[in-house]
Amino acid sequence: SFDYGPVVGVCKTATGDIAFASKTGCVWRLRAATGEAVGTPNDLRQPLAFGPILVGDRLAVVSTDGTLLIMQGFGGRVTQP
């Protein structure tokens with residue numbers, strides 16, 4: 001069971017995993033075939049309103065203040081375009 005808060009969005013990643021984003025600002029991935037957690041969840045430390053969406057090989061989410069956040073590789077840094 002994962003307790004990262006209410007989910008605001010789900011998408012399939014470039015690697016075929018399923019990515020989730022929560023209202024509390026957490027983004028995490030599960031293997032589609034097994035439901036097994038992949039890597040370490042990213043805590044973006046701000047509430048999210050939308051996402052994730054796949055942009056090329058990156059994931060993007062939108063915070064509740066409208067800021068677009070693009071994840072540079074899962075578990076990596078987050079940038080604002």
Side-chain angles (χ1 to χ4, degrees):
S1 160
F2 298 96
D3 189 23
Y4 303 125
V7 173
V8 295
V10 178
C11 79
K12 187 174 181 181
T13 69
T15 61
D17 298 330
I18 306 299
F20 299 83
S22 72
K23 195 174 210 176
T24 61
C26 188
V27 179
W28 70 100
R29 293 186 302 166
L30 300 179
R31 295 249 184 264
T34 64
E36 174 186 10
V38 178
T40 303
N42 281 37
D43 181 359
L44 303 179
R45 300 177 191 222
Q46 56 187 305
L48 299 177
F50 182 79
I53 59 170
L54 191 60
V55 179
D57 62 350
R58 301 175 183 159
L59 292 177
V61 293
V62 177
S63 68
T64 56
D65 69 2
T67 303
L68 176 64
L69 303 167
I70 299 176
M71 301 174 68
Q72 303 288 327
F74 200 80
R77 64 190 172 98
V78 177
T79 61
Q80 297 178 19

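Counting from 1, the numbers follow the sequence of the chain as shown.
Evaluation of the salt bridge (Lys or Arg N to Asp or Glu O under 4.0 Å) test over residues 38-54, restricted to residues two or more places apart or in two chains, returns none.
Annotation for A32 and G16: closest pair CB-O, 3.5 Å, computed over non-hydrogen atoms. A19 and L59 get closest at one heavy-atom pair: CB-CD1, 3.7 Å. Nearest heavy atom pair, residue R58 against residue M71, reads CB-O, 3.4 Å. Contact between T24 and G5 at its shortest, heavy atoms only, is CG2-CA, 4.2 Å. The two residues L54 and K12 have their closest heavy-atom pair at CD2-O, 3.6 Å. When all heavy atoms of A21 and L48 are compared, the closest pair comes out as CB-CD1, 4.0 Å.
When the side-chain contact (heavy atoms from CB on, under 4.5 Å) test is applied to K23, the partners found at least two apart in sequence or on another chain are P6, V8. By the side chain to side chain donor-acceptor pair (under 3.5 Å) test, T15 pairs with T13, D17, sequence neighbours left out.
Within the 4.5 Å cutoff, no side-chain heavy atoms of I70 are placed close to those of V55.
One distance of note links CD of Q46 with CG of L69; it measures 5.0 Å at 0.5 Å rounding. Between atom OH of residue Y4 and atom OG of residue S22 there is a gap of 9.0 Å, rounded to the nearest 0.5 Å.
Using a 30° and 60° split on the angle between ring planes, F20 and W28 fall in the parallel class, below 30°.
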